[in-house]
Amino acid sequence: MTNLPDKPSLDGIEAGLMKRWDAEGVYRFDRTAAREQVFAIDTPPPTVSGSLHIGHVFSYTHTDTVARFQRMRGKVVFYPIGWDDNGLATERRVQNVTGVRCDPSLPFDPDFTAPFHGDVPKDHRAIPVSRPNFVDLCREITHLDEQVFEELIRRLGLSVDWSLLYTTIGERARRVSQRAFLRNLARGEAYQQDAPTLYDIDERTAVAQAEMEDREMPGSYHKVAFHRTDGQGDLVIDTTRPELLPSCVAMVAHPDDPRYQPLFGTTVTTPLFGVEVPVLAHPLADPDKGTGIAMICTFGDITDVTWWRELNLPSRALIGFDGRFATDAPEWIRNDAGREAYAHLAGLAPKQAQKKVVEMLQASGEMLGDARPITHPVKFYERGSRPLEIVATRQWYIRNGGRDDALRTSLVARGDEVTWHPPYMRTRYDNWVGGLNGDWLVSRQRFFGVPIPLWYRLDADGNPMYGDVLVPDEADLPVDPSTDCPAGFTADQRGVPGGFMGDPDVMDTWATSSLTPQIAGGWNEDGGVFDAVFPFDVRPQGHDIIRTWLFSTMVRSHHEHGGVPWRNAALSGWILDPDRKKMSKSKGNTVTPMHLLEQYGTDAVRYWAASGRPGVDTAFDEGQMKIGRKLSLKILNVSKFVLSFGEAEPDAPVDAPLDQAMLARLAKVVTGATTAFDGFDYARALEQTESFFWWFCDDYVELVKARAYEGDPSARIALRTALSTLLRSFAPFLPFVTDEVWSWWQPGSVHGASWPTAADLGADAGFDADAALDPVSEVLALVRRAKTEAKVSQRAIVERLVVRATPVQQAAIEAAYGDLRDAGSVQSVEYSTAEQLGCEVVLGA
RNA sequence: GGGCGCAUAGCUCAGUUGGUCAGAGCGCUGCCUUUACAUGGCAGAUGUCGGGGGUUCGAGUCCCUCUGCGCCCACCA
């Protein structure tokens, strides 16, 4: 069969092919496959609260090329897709587009409708809604977002199996996530603790170490005088947070610091508040910082927490969950002046309180000199807008090695069981695991997430007994403790003395997405295929989330399965804007992909993406899209040309030396591309194939076309063989144009065809194709150049061609002379021997 | 402060174990209405491979060092 279009075109081929792939189930996972036959991909579920930008196109294309390669190679490819729709990012988006906020104390309103949909006026005050109403809204909005995402992912031609679609808030994800958590709990890997926690006072939730970032913020040093109780004068400290003076519990200096050694064991009183605090020694105190002595507060920073813990200090917390100073003066401030001073701070936010304290210190003469402005790094929640505070709260943790050297060591060792692409990404994992300073805080005081599946018994006074945890049966998962009852209780016992209460928190979004292999594979789920896919073959992801997604997935797999979740980790680079800044929505420098797909075609955009080396950040350059467009177009045209010669009789031999050499060269390319793909280096595979392809078009096809027109079977078979090989080699990168061309002359989809091998080409592995081909190409180029320089048509006649070359080169040229003659319109040739290849070209009149 | 990465033509980038490695495409210049392709074809120009040392017969390619940029981490009082 050969069915050539008169005027082949790239325009609009995508829609038809996408339909066809769906209808034929080209990418469907075979659920009966055994593990050895499967290639399983732990696809990153994009966050639907954001938008897909060109950076997603970049990295998702990389994975898709590998998936397509493996599929053609005969693997049963497990290529799921999911939407990450749970968590704070979604809540924010919902608040922004609907004008509501969640107030869990409100009752469900079945008739509630959101006041806005996308156009919330700036002066609008968010309307409080119940948690169930809020969650409903979240589902509604994410559902709409997900449709937009699906459209783009499909348009990109990703060969995912849509029947494997999951969402991180979906029922299966909730069940898997809760099951995994309960098993962590049963094995002692999950535990709760009442401890100082980094807390975002705007979002009113605890935050994990992995979600924090430093930001350079303006601040000021203040020299503040504490008064020695022995009457021997003052002790001066330098602090950036004078507002925490009322929370001061001690002073600390380095044990070897001679300036303060005499004071250890004595006490001082705080300025303004007159609270007596001890002067202590601790090696973490830095003699070179400030005055070498610091005040310890509850809590100014993580070091304060360390000192508080290691020096057994009291806790004097004043900043509450609302981020404001407590309204009543604390009991540890005893004198009247101190209590009066505190009254000025009551109810203030830290920033306002600082201003007030400085005023008071200046008035009392206890501040020396002026504030000295500095910029210094301050801890923020990565999505937050105000500095994190440290607040003591009860939270759930999962052990991740941050407090346990043995576990830390085994998790670092797990990194050895994964092959990293590129290898240096391994170091980032090691650094992160090695630098952990606490366990993984998984509870969040939020609403749209997987609930922590626990209840607590209430004592006779109605207070929760957190030590008395009530767990659900795995068979009943997923549960929502805020509406479901624990076994042995009834709904009317909720919140009453002797009854129970549900844990109000949800899990961190990473606590669910750390289980994508288990969710996608259906771990312990009806209809799951977990045993056939786990451990997965590859986790593709961005290098910026090694510390979060990659590491947390490793932790869960280590605990639950005693092994790694995947064999390979493929880290993709970022797309940078022309100023080499990372593209991100918050910077407003994103490029949206749809118009590029429409303007250049999907294949061209994929070509650009696949040209980016694994792990390498690449600046966005729209000009590069044109290259892929041109390549696609060339494939279309040369295919039509090659196929237009018709078929030769099937058993005819490929006996022309040039044809044999071309196939031998192609065989090497196929081998090289295969090796590159096996190492996840799609870009190298593409480069090799492309480089061959342009030589094939520019030189080989030009050389043999006369012979092909005449019906020479060797040329016709070689051309068709090469075309088939090239289409299959390009198929992972340019799925549309290759399948379009494939459909002209082959049954089925090219994406269901087999990956080419050197053996298919019947080439002699020892044959030196370059030695046979390069001299011919060179002579052809010299002839063309002569015509170009003479400003004549390439069809102009060459009366006489004198080739100067080594004997070996002469033999190669002579073997292909018939083709060279026809392609260059050469009338006669002579040879002379020379070290350096050269030509004398005598053009006809 | 520690770690990792990057620095090659105007632009975006290749150069896998040191020996045609000084490349590709874009852009630029010229030529060609050639019957697959003018959304084309053919050809051309462009670089002290960030600076300085060193190893070697030979170094973008290995070592040291400096400079600049990016990222990650850090106890940031």
Side-chain angles (χ1 to χ4, degrees), chain A residues 4 7-11 214 216-217 219 221 237-241 244 251-252 283-286 289-297 300-307 374-379 422 424-432 434-437 543-544 546-547 573-574 576 578 580-582 600 608 611-613 615-645 675-676 679 681 683-684 687 690-691 694 697-698 701-702 705 709 780-781 783-796 825:
Chain A
L4 295 181
K7 185 74 184 166
S9 168
L10 294 175
D11 298 325
D214 286 351
E216 283 292 329
M217 296 297 287
Y221 273 118
I237 60 140
D238 235 341
T239 179
T240 56
R241 297 203 64 183
L244 291 176
M251 310 290 283
V252 67
L284 267 181
D286 183 351
K289 217 164 256 171
T291 59
I293 189 159
M295 66 169 177
I296 304 174
C297 303
D301 61 25
I302 300 173
T303 320
D304 278 347
V305 176
T306 307
W307 282 325
I374 53 159
T375 47
H376 61 157
V378 179
K379 290 245 175 285
Y424 61 76
M425 293 295 181
R426 164 77 203 276
T427 310
R428 301 200 182 185
Y429 174 82
D430 289 351
N431 287 349
W432 174 254
L436 289 168
N437 54 31
H543 56 63
D544 52 330
I546 289 175
R547 66 177 184 171
W574 284 339
L576 311 173
R580 307 205 68 86
K581 296 276 183 285
K582 187 198 175 191
Y600 299 99
W608 160 78
S611 303
R613 254 59 193 175
V616 176
D617 295 346
T618 305
F620 176 74
D621 180 8
E622 190 168 335
Q624 302 291 311
M625 309 285 165
K626 286 197 273 188
I627 309 169
R629 176 79 184 177
K630 197 170 142 181
L631 175 62
S632 303
L633 206 58
K634 192 73 170 180
I635 289 173
L636 208 60
N637 285 315
V638 81
S639 298
K640 183 189 164 198
F641 188 49
V642 165
L643 294 173
S644 70
F645 296 124
T675 304
D681 195 346
R684 186 175 297 281
E687 185 186 47
E690 185 192 7
S691 163
W694 284 109
C697 292
D698 294 345
V701 172
E702 290 298 325
K705 72 184 183 186
Y709 270 127
L780 183 62
V783 170
R784 285 169 171 162
R785 187 186 306 169
K787 292 179 181 178
T788 297
E789 284 170 359
K791 302 192 177 184
V792 298
S793 156
Q794 291 295 330
R795 300 194 79 189
S825 308

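In what follows, every heavy atom counts, from backbone to side chain, and hydrogens, waters and symmetry copies are set aside.
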Categorize [X] for me: base, sugar-phosphate, or nothing, with a 4.0 angstrom heavy-atom threshold over every strand shown.
X: A/T240; value: sugar-phosphate
X: A/E622; value: nothing
X: A/D698; value: sugar-phosphate
X: A/Q794; value: base
X: A/A285; value: base
X: A/W694; value: sugar-phosphate

Quick one: [atom1] on [X] to [atom2] on [Y], what's the gap to the nearest 0.5 Å?
X: A/L10; Y: A/Y600; atom1: CG; atom2: OH; answer: 14.0 Å
X: A/I627; Y: A/D621; atom1: CD1; atom2: CG; answer: 8.0 Å
X: A/R426; Y: A/N431; atom1: CZ; atom2: CG; answer: 10.5 Å

**Report entry** B/rG30 glycosidic torsion: syn (within 90° of 0) vs anti
**Finding:**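 Base orientation relative to the sugar is anti.
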
Query raised in the report: Given B/rA36, B/rU35, B/rG3, which nucleotide is nearest the side-chain atoms of A/F641?
Result: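 In terms of side-chain proximity for A/F641, the closest of B/rA36, B/rU35, B/rG3 is B/rA36.
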
Requested in this report: Measure from the side-chain heavy atoms of A/V616 and tell me the nearest of B/rC76, B/rA14, B/rG15.
Outcome: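 Nearest nucleotide to the side chain: B/rA14.
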
Nearest-angstrom distance, [atom1] atom, [N] to [M]:
N: B/rU46; M: B/rG25; atom1: P; result: 16 Å
N: B/rC49; M: B/rC11; atom1: P; result: 16 Å
N: B/rG10; M: B/rG51; atom1: P; result: 14 Å

Query raised in the report: Excluding sequence neighbours, so at least two apart, what forms ring pair (Phe, Tyr, Trp, His ring centres under 6.0 Å) with A/Y709?
Result: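 In terms of ring pair (Phe, Tyr, Trp, His ring centres under 6.0 Å), with neighbours along the sequence ignored, A/Y709 is linked to A/F645.
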
Are any of [X]'s side-chain N or O atoms less than 4.0 Å away from OP1 or OP2 of [N]?
X: A/R428; N: B/rC71; value: no
X: A/R684; N: B/rG15; value: yes
X: A/Y709; N: B/rA36; value: yes
X: A/K7; N: B/rA36; value: no
X: A/K289; N: B/rC76; value: yes

Query raised in the report: Looking just at side-chain N and O atoms, do A/T788 and A/Q794 make a donor-acceptor pair shorter than 3.5 Å?
Result: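 A/T788 vs A/Q794: donor-acceptor pair found between side chains.
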
Query - Cationic N near anionic O, under 4.0 Å, A/R613 to A/E687 - result: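 A/E687 and A/R613: salt-bridged.
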
Query - Dot-bracket notation for RNA chain B, counting Watson-Crick and G-U pairs under 3.5 Å, with | for partners on another strand - result: (((((((..((((.....[...)))).(((((.......))))).....(((((..]....))))))))))))....

Requested in this report: Let me know the distance between CD of A/E789 and P of B/rA43, rounded to the nearest Å.
Outcome: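 Taking CD of A/E789 and P of B/rA43, I get 11 Å after rounding.
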
Requested in this report: Treat primed atoms plus P, OP1 and OP2 as sugar-phosphate and everything else as base, then score nucleotides 22-30 of chain B 5' to 3': B for base contact with protein heavy atoms under 4.0 Å, S for sugar-phosphate contact only, - for none.
Outcome: ---BSS--B

